[in-house]
Amino acid sequence: MEFAYYNPKNMQSLLDTLSSLQNYAVLAGGTDLLVKMKEKLLRPMPQAVVDINEIGDLKEIAEIDGYLWIGSAVSHTALTQSRLILEKAGVLAEAASQVGSPQIRNKGTVGGNICNASPAADTVPALLALNASVEISDQSGRRHVPLADVFKGPGKTCLLPGQFISRIKIRPVQRNEGAAFLKFGKRKALAIAMVNAAIWLKLADGVINDVRIAFGSVAPTPIRLYELEKWLVGKPAEKELFAQAGARAAQLIKPIDDIRCTANYRKRLAQVIVFRGLMSAWEQAEGRCRCE
Ligand SMILES: Cc1cc2nc3c(=O)[nH]c(=O)nc-3n(C[C@H](O)[C@H](O)[C@H](O)COP(=O)(O)OP(=O)(O)OC[C@H]3O[C@@H](n4cnc5c(N)ncnc54)[C@H](O)[C@@H]3O)c2cc1C
């Protein structure tokens with residue numbers, strides 16, 4: 001396998017490099033890309049690889065004007081160790097901590113997790129639950145796109161040639177809010193999710209003021225359960241309601257059978273995940289648990 005290798009040192013050089021190439025792949029951690037290249041799973045095979053690891057801006061996590069900005073080349077390990085993420089978006093640190101193994105988390109990045117566009121990506125439900133948007137950069141500038149609009153199918157994103165994800169923007173979890181990430185795999189570690197999900201919830205005087213429920217591994221792309229969210233808003237938070245929400249979630253999703261498990265089993269897992277996730281987010285929102 002032969003390909004040209006580029007490692008631009010700053011954003012402008014990256015943009016210039018991308019716009020000068022026809023058939024290339026961006027290389028972040030390489031934990032998806034290099035496996036696919038080695039197995040010749042890409043059509044066409046990239047003739048150039050553009051390594052973004054030497055661009056410091058893409059590895060930063062910052063709080064600006066009340067939002068958290070995460071560089072796309074921030075590794076999963078860095079997410080789990082960032083004070084800002086742990087204190088203000090613990091649900092994302094929890095999701096990142098459940099990706100692969102220590103080696104995969106050290107190399108794999110949040111941007112790579114998004115752009116690989118796997119329906120099972122672990123950080124994506126957490127980011128969807130946090131209502132993340134992504135900054136897409138190209139020679140003409142930067143634009144912001146809701147994360148949910150990035151996914152066009154398994155392995156497919158909205159990115160056009162010359163474009164890359166530079167940063168991810170999320171709003172910190174506030175007082176009266178809580179968020180939880182849960183994952184079921186076939187093993188306790190180094191397992192792709194049979195089902196994963198993240199739930200964010202906002203309370204006002206014990207009533208659900210707003211809620212976001214995001215799932216992975218139950219559809220061709222990660223999804224939000226908008227219908228269930230709408231059903232929950234305005235109802236007093238309580239255990240029985242959350243049990244009903246779990247049952248509704250199982251009815252709403254349309255998963256498939258695959259090598260990891262059956263569609264029916266996925267529905268059972270979704271029921272459990274929604275119940276447990278809502279309970280955990282509720283406890284946090286009420287200040288009873290600050291464990292995320
Ligand atoms: C053994 C193993 C276990 C794994 N376990 C898990 C797991 O439990 N959970 C999970 O979610 N994933 C898992 N993965 C998948 C993978 O590790 C993650 O998806 C990881 O986050 C990918 O990030 P990366 O930086 O390595 O991406 P890369 O492999 O570098 O890139 C992935 C894709 O995204 C593109 N890309 C990367 N960054 C950008 C950018 N900024 N802009 C535009 N395009 C970009 C690349 O061109 C490529 O198409 C596993 C992989 C392996 C090999």
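Just follow the structure's listing: the first ligand is 1, and inside any ligand the first atom is 1. Fair warning: this is a prediction, and the values are worked out from it, not measured in the lab. In what follows, residues are counted from 1 in the order of the sequence shown.
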Could you check Phe184 against Ile273 for side-chain contact (heavy atoms from CB on, under 4.5 Å), going step by step and ending with a plain yes or no? CA-CA 9 Å; Phe184 282 108; Ile273 276 192; 3.4 Å; yes
Nearest neighbour in protein (non-hydrogen) for atom 44 (N) of ligand 1: Cys115 SG, 3.3 Å
What do we get for Arg105 next to ligand 1 when only non-hydrogen atoms under 4.0 Å count, side chain, backbone, both or neither? neither
Can you confirm whether Glu177 sits close enough to Trp200 that some side-chain heavy atom of one is under 4.5 Å from a side-chain heavy atom of the other? yes
For ligand 1, the portion of Leu58 having any non-hydrogen atom under 4.0 Å away: neither
For atom 11 (O) of ligand 1, which of the options Asp122, Thr31, Val110 provides the nearest non-hydrogen atom? Asp122
Protein heavy atom at shortest distance from atom 29 (O) of ligand 1: Leu33 N, 2.7 Å
Residue portion contacting ligand 1 (non-hydrogen atoms closer than 4.0 Å) for Gln98: backbone
Taking Asn116 as the fixed residue, which of Thr31, Thr157, Asp32 is the one that meets the side-chain hydrogen bond (donor to acceptor under 3.5 Å, both in side chains) rule? Asp32
Are side-chain N/O atoms of Gln98 and Asp122 paired as donor and acceptor at under 3.5 Å? no
Under 4.0 Å, heavy atoms only, figure out whether ligand 1 is touched by the backbone of Ala28, its side chain, both or neither. both
Backbone, side chain, both or neither: what part of Ile104 comes under 4.0 angstrom of ligand 1, heavy atoms only? side chain
Where on Leu159 is there a heavy atom closer than 4.0 Å to ligand 1, on the side chain, on the backbone, on both, or on neither? side chain
Atom 37 (C) of ligand 1 has as its nearest protein heavy atom Gly112 CA, 3.6 Å
How far is atom 19 (O) of ligand 1 from the closest protein heavy atom, and which atom is that? Asp32 OD2, 2.6 Å
What protein heavy atom sits nearest atom 7 (C) of ligand 1, and how far away is it? Gly100 N, 3.3 Å
Quick one, Glu54 and Asn10 - any side-chain contact, counting heavy atoms below 4.5 Å? no
Under 4.0 Å between heavy atoms, the region of Ala191 that gets near ligand 1 turns out to be backbone
Measuring from the heavy atoms of His76, does anything fall under 4.0 Å of ligand 1? yes
For Ser72, the atoms of ligand 1 under 4.0 Å from one of its heavy atoms are 41 (N)
Heavy-atom distance to atom 33 (C) of ligand 1: which of Val99, Val26, Asn116 wins? Asn116
Residue pair Pro119 / Thr221, side-chain heavy-atom distance below 4.5 Å: no
Nearest non-hydrogen protein atom, atom 12 (N) of ligand 1: Asn113 ND2, 3.7 Å
Would you please test Thr109 and Lys59 for side-chain contact (heavy atoms from CB on, under 4.5 Å) and show each step? CA-CA 9 Å; Thr109 64; Lys59 292 191 175 269; 5.6 Å; no
Are any of the heavy atoms in Lys183 under 4.0 Å away from ligand 1? yes
Among all protein heavy atoms, pick the one closest to atom 28 (P) of ligand 1 and tell me residue, atom and distance. Gly30 N, 3.4 Å
A side-chain contact here means heavy atoms from C-beta on lying under 4.5 Å apart; do Met279 and Lys239 qualify? yes
Residue among Arg248, Arg224, Arg212 satisfying salt bridge (charged side-chain N to carboxylate O under 4.0 Å, His left out) with Glu229: Arg224
Would you say Gly29 and ligand 1 have an N/O pair spaced under 3.5 Å apart? yes
Apply side-chain contact (heavy atoms from CB on, under 4.5 Å) to residues Cys115 and Ile165 and explain how you reach the verdict. CA-CA 8 Å; Cys115 295; Ile165 293 184; 3.7 Å; yes
Are a donor atom and an acceptor atom from the side chains of Tyr5 and Asp51 found within less than 3.5 Å of each other? yes
Please walk me through it: do Asp257 and Thr262 pass side chain to side chain donor-acceptor pair (under 3.5 Å)? CA-CA 4 Å; Asp257 298 336; Thr262 64; 4.7 Å; no
For atom 42 (N) of ligand 1, what's the nearest protein heavy atom and its distance? Ile165 N, 3.0 Å
